[in-house]
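A quick write-up on the structure given underneath.
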Amino acid sequence: MLQIHNNLTKRKEPFVPIDPKNVRMYVCGMTVYDLCHLGHARVLVVFDVVYRYLRRVYGAEHVTYVRNVTDIDDKIIARANERGEKIEQLTEHFIAEMTRDADALGVLHPGEEPRATRHMSEIIDMIQTLVDKGYAYQAGKGDRADSLGDVYYDVSRFEHYGQLSGKNTDDLRAGARVEVDVAKQDPLDFVLWKSAKPGEPCWESPWGKGRPGWHIECSAMATCCLGNHFDIHGGGLDLQFPHHENEIAQSEAATGEKFVNVWMHNGFVRLDEEKMSKSLGNFFTIREVLEKYDAEVVRFFILNSHYRSPLNYSDKHLDEAKAALTTFYHALRGVTPVEGGNGQAYAVRFEAAMDDDFNTPEAIAVLFELAREINRLRGSDAQAVDRLAAELVRLGGCLGLLARDPEVFFQGRRPTEIQAGCASRTTTTHNAEVASGFPEAKIKILIEARTEARKNKDWAESDRIRDELAAQGIVLEDGGPQSTTWRWE
RNA sequence: GGCUGAGUGGCAGAGUGGCUAUGCAGCGGACUGCAAAUCCGUGUACCUCGGUUCGACUCCGGGCUCAGCCUCCA
């Protein structure tokens with residue numbers, strides 16, 4: 001049975017859906033004012049695997065996955081002004097870029113991708129409900145004139161505030177670093193509706209023209225798309241406080257119902273043992289990494305650590321991920337996967353690992369053993385090999401891996417960096433032919449010439465050809481005297 | 001200052017109260033014209049100090065170190 005670490009209770013718990021016919025998950029997605037970085041890649045991939053696995057357990061049609069897009073906030077406004085663009089122009093652009101990255105990483109499309117700007121009436125309704133119920137207040141008359149239309153959430157009214165993040169309001173007040181805002185009754189209160197300054201994008205509301213605070217949009221969109229009470233809510237660990245804490249406060253105060261059963265947070269991506277983040281400026285965009293590494297390699301790298309652990313980025317780790325994938329595709333090379341499992345034992349262990357809070361490193365370990373079994377039986381039991389290969393592909397597919405033809409993995413693309421050895425230069429991927437000026441036909445001719453030389457025991461010529469290809473980043477692998485395959489190194 | 005999480009072999013990374021993780025790298029062997037790939041074998045480990053226990057890397061307590069949150073952040 002599937003167990004998930006619930007961050008609300010800080011324990012691993014059996015996962016019991018509210019409705020097994022409709023398992024519902026909401027994940028906080030991106031604020032679209034820039035390209036996604038590796039931290040975003042991790043959220044995308046981690047919850048993609050959760051989604052895939054839930055679909056496998058409960059049936060593809062019985063899982064609803066919603067991942068929102070924040071398309072209005074201060075940073076977006078600032079960036080649009082910098083670039084001299086309209087808000088919509090900017091957000092459409094970066095939504096398209098985000099989708100490109102997600103597609104490259106093999107991330108399934110969520111069932112719904114709600115945007116804040118398209119749910120303004122639900123947002124305003126929820127704020128109104130909070131005001132009506134006495135959980136929210138409008139900035140008073142004595143406050144700054146420009147905050148008159150601001151509406152704040154009254155944290156003191158919500159009894160369970162701090163449960164998710166393990167904080168209590170007294171400690172928070174004691175250590176409060178938030179700047180004193182005269183409009184707030186309490187430094188912990190947070191804004192639900194921000195009145196618009198001149199020239200800012202805005203929507204009409206009972207409190208005047210303005211825009212929503214960050215937290216309220218997720219409460220409104222989540223309950224709108226999935227109902228007041230749903231199964232799983234996910235996001236990066238940095239959203240635990242205050243974002244998710246505030247979501248709970250808003251949603252439960254507004255609906256009077258429990259908001260979410262299971263809270264999941266993925267760990268940070270780090271660079272040199274330090275959190276990769278926009279504010280520190282120590283981040284790599286997905287785009288940059290994909291210039292050097294195959295997207296499936298990046299995906300493997302992410303899944304080779306448990307989702308709650310920190311993930312340290314380095315080229316060395318990416319190189320290892322590449323080597324690991326190479327091993328898997330080698331096992332699949334030259335076989336014809338045939339359904340009809342003799343790989344049950346592996347599947348059982350794989351699922352046990354995934355059932356244990358999505359333990360992907362453990363699941364991958366099982367895949368390695370499966371690959372070894374395939375290689376072991378190769379040449380002696382073709383039927384068993386074909387069936388095990390099918391199992392490897394199927395289980396890999398649960399992780400969104402190993403879906404390609406091995407030949408495409410080996411020969412399809414390669415980073416240009418390899419050929420010239422100029423690591424400092426920005427690199428890009430191209431088709432094999434573009435990359436090296438070394439067309440496939442030429443590779444084939446050289447391999448044939450080498451086969452001929454080997455037949456004649458002309459080892460000098462044979463090795464010369466191999467070296468010539470190696471200089472282009474091409475590795476030859478002899479299957480026998482007549483069958484030689486190649487791959488990009 | 002308050003709170004949270006983590007410290008495993010050369011590196012990465014799981015897990016368990018007593019029994020092989022797994023991968024990469026290393027070493028030995030098989031295969032190969034030589035390689036590559038693959039297979040077989042193999043070494044190195046559980047931050048520290050106490051406690052519980054027949055027995056702890058695994059449970060409990062103290063310490064040290066690291067990371068994170070308490071402000072926007074996936």
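Chain A is the first sequence line, chain B the second, and so forth, proteins listed ahead of strands; every chain is numbered from 1.
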Taking a pair as Watson-Crick or G-U wobble with both distances under 3.5 Å, which nucleotide is matched to A67(B)?
U4(B)

Contact class for Arg454(A) (heavy atom, under 4.0 Å): base, sugar-phosphate, or nothing?
base

Who are the side-chain contact (heavy atoms from CB on, under 4.5 Å) partners of Arg83(A), not counting sequence neighbours?
Arg79(A), Glu85(A), Leu90(A), His93(A), Phe94(A)

Considering only heavy atoms and no angle criterion, is a donor-acceptor pair shorter than 3.5 Å present between the side chain of Lys275(A) and the base of C73(B)?
yes

Quick one: does Tyr33(A)'s side chain get under 4.5 Å of Ile77(A)'s, heavy atoms only?
no

Considering only heavy atoms and no angle criterion, is a donor-acceptor pair shorter than 3.5 Å present between the side chain of Arg42(A) and the base of A74(B)?
no

If you compare all heavy atoms of Tyr26(A) against all heavy atoms of Leu226(A), which two are closest, and at what distance to 0.1 Å?
CB-CD1, 3.7 Å

Answer for the Watson-Crick or wobble partner of C19(B), both distances under 3.5 Å, is none

Check the phosphate of C39(B) against Asn375(A), side-chain N and O only, distance under 4.0 Å to OP1 or OP2. Yes or no?
yes

Whether Ser309(A) contacts A14(B) is assessed here as follows: a side-chain N or O lying under 4.0 Å from the phosphate OP1 or OP2. Is that the case?
yes

Gly479(A) near the nucleic acid: base, sugar-phosphate alone, or nothing, with a heavy-atom cut-off under 4.0 Å?
nothing

If we take the C1' atom in both U4(B) and C24(B), what is their distance in whole Å?
32 Å

Any strand counts, and the cut-off is 3.5 Å on both contacts for Watson-Crick or G-U wobble. Which nucleotide pairs with A37(B)?
none

For A36(B), does OP1 or OP2 lie under 4.0 Å from any side-chain N or O of Trp486(A)?
no

U32(B): pairing nucleotide in any strand, Watson-Crick or G-U under 3.5 angstrom
none

Side-chain H-bond candidate by donor/acceptor type, His119(A) with Asn68(A), under 3.5 Å
no

Using a cut-off of less than 4.0 Å, is there contact between a side-chain N or O of Asn312(A) and OP1 or OP2 of A12(B)?
no

What N/O pairs connect the protein and nucleotides 40-46 of chain B at under 3.5 Å? Give each pair on its own line.
residue, atom, partner, partner atom, Å
C40(B), OP1, Arg376(A), NE, 2.7
C40(B), OP1, Arg376(A), NH2, 2.6

